[in-house]
Amino acid sequence: MSQRRTIVVVGASRGLGLALAKEYCARNWHVIATSRGRSEGLDKLRECYPSSLEIETVDIADGSSIRALARRLETVSLDALFVNAGICKANTLTPLEVDEKDFLDMMSTNALGPMRVVEALYYRVAEQGVIAIMSSELGSIVNCTGFWELYSSSKAALNMLMKAFSARHAGESRSLLLIAPGWVRTEMGGEQATLEIAESIPLVVDVVERSAGIPGLRFVNRHGEILPW
Ligand SMILES: NC(=O)c1ccc[n+]([C@@H]2O[C@H](COP(=O)([O-])OP(=O)(O)OC[C@H]3O[C@@H](n4cnc5c(N)ncnc54)[C@H](OP(=O)(O)O)[C@@H]3O)[C@@H](O)[C@H]2O)c1
């Protein structure tokens with residue numbers, strides 16, 4: 001019997017999600033990491049941590065895929081759930097210019113999908129546990145500068161849906177986090193981003209670990225500082 005804590009990391013094939021899976025393995029958690037297809041990064045990580053890492057599959061833009069994951073995890077007890085998956089399309093375009101499908105894909109993957117995962121797995125998470133979603137500094141309406149406006153609006157929608165979810169679960173003890181990792185060099189973040197993955201993800205995991213047992217919803221950065229909605 002293992003006393004190790006267990007986490008599900010959704011969207012862990014590459015980038016920040018793969019780094020999250022790596023960081024939790026290094027901290028001796030039991031990690032269930034999901035990808036949509038085969039992930040070379042996760043395969044390699046499993047070679048390093050064969051008794052820590054399990055690989056699962058889910059496409060969060062597909063409700064039936066989320067329900068199937070929830071059924072497969074029906075008997076699993078989690079200390080944390082981290083929904084990291086997200087996409088960015090048409091980041092320089094305006095509402096008039098964007099292809100409708102690109103915008104709807106972002107809304108589906110960045111806002112609706114993560115909340116469906118949270119709804120489907122909420123009761124798998126211990127009462128003193130943590131449910132975190134990767135949001136973004138760009139999801140703050142107060143701090144909006146117009147940068148990547150369509151992507152930003154999908155993260156603002158995510159924040160609103162999580163706020164509504166927390167209102168529906170008022171008085172419950174699980175910690176709910178919307179975390180902004182900073183601007184990080186990944187496929188999505190690009191070359192000009194200001195942070196290396198290693199400057200962000202360990203801090204993000206520290207915030208999640210420190211949040212266990214702290215009920216209610218917070219929108220925070222990688223240092224755990226509160227961000228304006
Ligand atoms: N990098 C930054 O500067 C930054 C800043 C703020 C917030 N974020 C957020 O951080 C998260 C990770 O970003 P990243 O920079 O690591 O991006 P990334 O390198 O593009 O990785 C995105 C991850 O999300 C997965 N994903 C995309 N659509 C999915 C779906 N429908 N179902 C399941 N998984 C899906 C991808 O899987 P596949 O390999 O299958 O495509 C991949 O694992 C995102 O939510 C992003 O919005 C990033």
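Each ligand, and each atom within it, is numbered from 1 in the order the structure gives. We use all heavy atoms of the structure for the numbers below, so side chains are in, but hydrogens, waters and symmetry mates are not. Sequential numbering from 1 along the given sequence is applied to the chain's residues.
Contacts of V58 with ligand 1, taken as heavy-atom pairs under 4.0 Å, involve the backbone alone. Here I60 has heavy atoms under 4.0 Å from ligand 1 in both its backbone and its side chain.
The backbone N or O of E127 lies less than 3.5 Å from a partner atom in the side chain of S173, making a donor-acceptor pair.
Note: the hydrophobic cluster containing I7 does not contain L176 (ILVMFWY, side chain heavy atoms under 4.5 Å, direct or indirect links). The hydrophobic cluster containing L73 also contains V10, counting ILVMFWY residues as joined when their side-chain heavy atoms lie under 4.5 angstrom apart, directly or transitively.
Near A61, the atoms of ligand 1 lying under 4.0 angstrom from a non-hydrogen atom of the residue are 31 (N). Residue G15 has at least one heavy-atom neighbour below 4.0 Å for each of these atoms of ligand 1: 16 (O), 19 (O). The contact set between ligand 1 and W183, taken as ligand atoms under 4.0 Å from a residue heavy atom, comprises 3 (O). Near G189, with a cut-off below 4.0 Å to any heavy atom, the atoms of ligand 1 are 1 (N), 3 (O). If you number the atoms of ligand 1 from 1 as listed, the ones under 4.0 Å from a heavy atom of G11 come out as 43 (O). Here is the list of ligand 1 atoms found below 4.0 Å of a heavy atom in T109: 28 (N), 29 (C), 31 (N).
Of all protein heavy atoms, the one lying nearest to atom 10 (O) of ligand 1 is M134 CG, 3.1 Å. When only non-hydrogen protein atoms are considered, atom 34 (N) of ligand 1 lies nearest to A85 CB, 3.4 Å. Among protein heavy atoms, the minimum distance from atom 41 (O) of ligand 1 is reached at R36 NH2, 2.7 Å. Ranking the protein heavy atoms by distance from atom 43 (O) of ligand 1 puts S13 OG, 2.7 Å first. Of all protein heavy atoms, the one closest to atom 19 (O) of ligand 1 is R14 NH1, 3.3 Å. In terms of protein heavy-atom proximity, atom 3 (O) of ligand 1 is closest to V184 N, 2.7 Å. The shortest contact between atom 17 (O) of ligand 1 and any protein heavy atom is with M188 CB, 3.4 Å. Regarding atom 15 (O) of ligand 1, its nearest protein heavy-atom neighbour is T186 OG1, 2.5 Å.
Partners of Y122 according to the ring-ring contact (aromatic ring centres under 6.0 Å, His included) rule, which considers only residues two or more places apart in sequence or in another chain, are F165, H169.
Under the 4.0 angstrom criterion for non-hydrogen atoms, S39 is not in contact with ligand 1. Residue P114 places every heavy atom at 4.0 Å or more from ligand 1. At least one heavy atom of K155 sits less than 4.0 Å from an atom of ligand 1.
Inter-residue side-chain proximity for T34 and I60 is flagged as unmet; no heavy-atom pair is nearer than 4.5 Å. Between V117 and L121 there is a side-chain heavy-atom pair separated by less than 4.5 Å. Considering only heavy atoms from C-beta on, M162 stays 4.5 Å or farther from N159 through its side chain.
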Inset, instruction - Please lay out, stage by stage, how R222 and V207 fare under the test side chain to side chain contact (heavy atoms under 4.5 Å, CB included). - result: CA-CA 7 Å; R222 67 191 179 284; V207 171; 5.6 Å; no
Legend entry - From CA spacing to verdict: salt bridge (charged side-chain N to carboxylate O under 4.0 Å, His left out), R185, E191: CA-CA 6 Å; R185 283 190 283 280; E191 284 300 313; 5.7 Å; no
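When only interatomic distances are considered, the shortest N/O to N/O separation between L16 and ligand 1 falls below 3.5 Å. Geometrically, ligand 1 and D59 share a nitrogen or oxygen pair separated by less than 3.5 Å. Distances between N or O atoms of I87 and those of ligand 1 include no value under 3.5 Å. For P181, no nitrogen or oxygen atom sits less than 3.5 Å from a nitrogen or oxygen atom of ligand 1, counting backbone and side chain alike. Distances between N or O atoms of S136 and those of ligand 1 include no value under 3.5 Å. Taking only nitrogen or oxygen atoms, main chain and side chain alike, Y151 reaches within less than 3.5 Å of ligand 1.
Among L138, V117, N84, the residue whose heavy atom sits closest to atom 44 (C) of ligand 1 is N84. Summarising the contacts of atom 22 (C) of ligand 1 with A33, S65, G86, A12, the nearest heavy atom is found in G86.
Closest approach of P228 to F219, counting heavy atoms only: O-CE2, 3.5 Å. In terms of heavy atoms, V130 sits closest to V125 at N-CG1, 3.9 Å.
Within a 6.0 Å sphere centred on CE of M188, other residues, nucleotides and ligands contribute more than 12 heavy atoms. For K155, the NZ atom sits in a packed shell: over 12 heavy atoms of surrounding residues, nucleotides or ligands are nearer than 6.0 Å.
Electrostatic pairing of R27 and D206 counts as a salt bridge here, judged by a charged N lying under 4.0 Å from a carboxylate O. Of the charged side-chain nitrogens involved, at least one lies within less than 4.0 Å of a carboxylate oxygen, so that D102 and K89 count as a salt-bridged pair.
Judged purely by distance below 3.5 Å, without hydrogens or angles, the side chains of S52 and R4 pair a donor atom with an acceptor atom.
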